[in-house]
Amino acid sequence: MAAEAEGLEPETAAVEDAAGDATDAVDARLGAPPLLVGSRLSLDLYPRGCHRLLHLCAQQVRQLLEVEFLQLSGHEDPQLLQATLARLPWSLPRLRSLVLKGGQHRDALGACLRGSLATLPASLSGLAHLAHLDLSFNSLETLPACVPQLCGLDALLLSHNCLSELPEALGALAALTFLAATHNRLQTLPAALGSLSSLQRLDLSENLLDALPPEIGGLSSLAELNLASNRLQGLPASLAGLRSLRLLVLHSNLLASVPAGLARLPLLARLDLRDNQLRDVPPELLNAPFVRLQGNPLGGPSPGPHSPPGTPVVPEMPRLLLTSDLDSFAVTPLGCSVTLACGVRLQFPVGATATPVTIRYRLWLPEPRLVPLGPHDSLLSGVLELQPHGVAFQKDVGLWLLFVPPRARRCREVVVRTLSDNSWSDLETHLEEEAPKRLWARCQVPHFSWFLVVSRPVSDACLVPPEGTLLCSSGHPGVKVTFPPGATEEPRHARMQVVRVGSRELPALLGEPEAAASPLLYLSQSGPPSFLRPVTVQLPLPPGVTGLSLDRSHLHLLYRAPPAATWDDITAQVALELTHLYARFQVTHFSWSVPPPSASLVPHPCPGLCTPLTPSLPRYWLWYTTKTCVGGLARKAWERLRLHRVSLIALQRRRDPEQVLLQCLPRNKVDSTLRRLLERYRGPEPSDTVEMFEGEKFFAAFERGINVDADRPDCVEGRVCFVFYSHLKNLKEVYVTTTLDRRAQAVRGQVGQRGRAPRAAWAEARALKPTSSHPQVSFYRGEVPEEVPEEAEAARQKRGADAPWMATLPLKLPRLRGSKGPGQGAGLSLAPLNLGDAETGFLTQSNLLNVAGRLGPDWPAVALHLGLPYRELQRIRHEFRDDLDGQIRHMLFSWAERQAGQPGAVGLLVEALEQSDRRDVAEEVRAVLELGRRKYQEGIQRTSLAPGDLGPPGSSASRSPEPAQT
């Protein structure tokens, strides 16, 4: 290879030779795919994309001279990627669009990984025709020097990198109309940015900007400016000179004021000022319909008056707002107030640390091994981990955790639970309400560990001195414990919890109308196991029972001390004193059985840490029943108190039935949820009522030839795992395929992002052979086994209290073209989604799925240009907050449904893609439309329905004006 003639180093030539040899071997085994399609060369999803491009360059393929669009992955070997990029000015001289994005690979939690690209070769400035450069999702810390030299650049995408500043040389890009640098670490902006007079859209959201240069007012063509989620405390008055501005997004900053001149911008259609520190805004903006001000302390008290002269000035506490791609921050002795991307807030007071400390955080999905719950506790939040663990602060740190409002609040309380000294404990917690459904749990923490919010029965505690005391339940005034004088020599702590028992549940369980039970009492105390003098415990008599009329032989005092699973009848061991409403008895110790063994250690998910399981509290329960085996009945009743009645649903999207929504819902929420979902989903009736414990594991198994099409951490061997928490959303959306689809993918050799085959290949595979009839999804309790039976009939026949099978719901896949036999009518027949018309061309459901697979994080910009309101974007983000693919598909298909039958819909989509700087996808859509139009005209000519001049000169169509005889 003549490396010197091309201006390359000998080492680069050696890399190219090795790449060419390796690619020859790969292509010889797999068959070279058709890489070049017109003027487009897409190598970002192919393995060894750089090897393939260097191989084409070495072969001097003439088609390379016509290539205008090139896509490469940022996950290639850095040295090889640099060598490949260095060849572009000579091998692809007409290149107009270069996409070097990372993000095709994902970590174990499904988050996009950055590419390895950290710089660009200087020779890249020789691409004289380059107009579109996408470097998103990479590891750039500074902007490569060759970028400002690309004078014809129209669009520059730098999002999801590690940039801390932009160079002044950026002002040389006079033709630039779109600049995106979201999710970086920008702290300042260059003054030269104001010289970009052609710039129309600027997106700098999710950065660390605290001020804007006044020169930004020189962007005379700017129509859209997004500065959301920064640290801006003020705005320059020059913003009022942006006469072309239509959209200004400033939410989630620290703004205390805004220029009044913004109200006089003639074209401004939306001004987003939500979640700032605005206490007062100009009257012109206060009532303007295009201004959004939610989340501001409007009308609130102003900061305190200034200190008198001579008073030392105390510097204001720094405020940090972390973006979603940052997992650490620094804290100095000056303190700071921090808001994490997940909504958690922390406040480090001045002097909390003696030296700078780097704090790291992570939000874990709730798993039983991470969530320590008592028998009557409910989880209300995820699990927050703050590091470094165990390092004590000199002053307590304030922590605010968002949580889901509990459904039951009577006799219950919300607390923050943390791991301290290898045991879980509850912190003193205060609740703050920002909105009816936005609640914070606030506490003070002396050191960092794991934190979560739980709802538990109200806990009452007291210090028992030698003089004696009285401990009363705050939720049940009739429950009391009296400690007489002399009960203890040294002060000790005592605690009680009381759990209410439903008046209807016990009679229904026992089949005895007269059966009743008192509240369930939990007692514990520190110090020696026994008291020096008897302690009196008072419980209210069961409902409907009075001390004057009851039959004492039917009254039973039951006791249980974990880890024992049985309830013991201790009525004969105590002297029950009855009054009209209460029963009293005396004990010298709270535990009536062998003390439980020492706390056992269970492996913690984080290496090197084990969590002791604290023994549960002894329990007392007063029953009134004619039954004899009261202990066994009490065990069943106690379990029933902890069970939640739920239903399981499996719905399929109307436009894409392969997308299946699985959800476990409380029985009382099923109807309202289905009413909300059935506009976009269809499916069978929900399952019968199923009873589940808080924190219980279960899984969904797709049966009869259906597989889960995803590589996701919650999917084990095609089984989707769940953990039931009554207050959290037990909802997941998955894509399913048939076994035939898997075989088709292997045969075709097409692998998409994350190993997925393109949907077009699946559609063609289904056209060849019908899927299995009557597919279904079944739900089972417990851990996912190695093998799950494909049929649920055997499990259904053995259904019982401890049976693993819970429910089976049918699925309906689309009817297959050319399917025969009696099973043909069992499938769901969907009308094809044809967006467009015959003249401009159609986009089918498969085409839209391919478009959705290419948008990635750029989908919000496309949605806004399609005319979707910002509120709908926020709803989609919230509804599919853990599923980027679900967000994109929902946005695109909901828009397509509204556009069905509307002229110009396809043109609107192409225009939105171009305005969002996704010209690569727009060109692909145009190619699909052109192919469709050509086939449409050919079809008309074959059926002799078109005039003769539609065919090319000299064709048979022009020579045969007479219609064909039938």
Geometric class of the Phe348/Phe329 ring pair [parallel <30°, tilted 30-60°, perpendicular >60°]: perpendicular
- request: Would you confirm whether the ring centroid of Phe393 sits within less than 6.0 angstrom of the ring centroid of Phe448?
  value: yes
- request: Evaluate the side-chain proximity of Leu401 to Phe451: yes if any heavy-atom separation is below 4.5 Å, no if none is.
  value: yes
Option among Leu72, Leu135, Asn161 that satisfies the side chain to side chain contact (heavy atoms under 4.5 Å, CB included) test with Leu117: Leu135
query: Is the CD atom of Glu215 crowded by more than 12 outside heavy atoms at less than 6.0 Å?
result: yes
- request: Could you tell me whether Glu141 atom CD has more than 12 heavy atoms of other residues or ligands within 6.0 Å of it?
  value: no
message: With a 3.5 Å distance limit and no angle check, can you tell me whether Thr418 reaches the backbone of Trp450 through a side-chain donor-acceptor pair?
response: yes
- prompt: Sub-3.5 Å donor-acceptor pair from the side chain of Asp134 to the main-chain atoms of Ser136, do we have one?
  reply: yes
field: Enclosure of Arg246 CZ (heavy-atom neighbours >12, cutoff 6.0 Å)
entry: no
query: Do any N or O atoms from the side chain of Asn253 and from the backbone of Asn230 form a donor-acceptor pair under 3.5 angstrom?
result: yes
Min side-chain heavy-atom separation Leu130-Leu153 under 4.5 Å: yes
query: Taking the side chain from Gln233 and the backbone from Ala256, do they hold a donor-acceptor pair closer than 3.5 Å?
result: no
task: Go through the structure and list residues passing side-chain contact (heavy atoms from CB on, under 4.5 Å) with Asp203, not counting sequence neighbours.
output: Ala180, Thr182, Ser205, Asn226
message: Keeping Arg114 on the side-chain end and His160 on the backbone end, is there a donor-acceptor pair under 3.5 Å?
response: yes
message: Taking atom CZ as the centre, does Arg292 end up with more than 12 heavy-atom neighbours from other residues, nucleotides or ligands that are less than 6.0 angstrom away?
response: yes
task: Please check if the side chain of Glu168 supplies one atom and the backbone of Ala192 the other of a donor-acceptor pair under 3.5 Å.
output: yes
message: Is it the case that the side chain of Glu76 and the backbone of Cys50 share a donor-acceptor pair, with hydrogens and angles ignored and the cut-off at 3.5 Å?
response: yes
- prompt: Is it true that a side-chain atom of Asp77 and a backbone atom of Gln79 form a donor plus acceptor pair closer than 3.5 Å?
  reply: yes
- prompt: Is there a donor-acceptor pair under 3.5 Å between the side chain of Ser916 and the backbone N or O of Arg918?
  reply: no
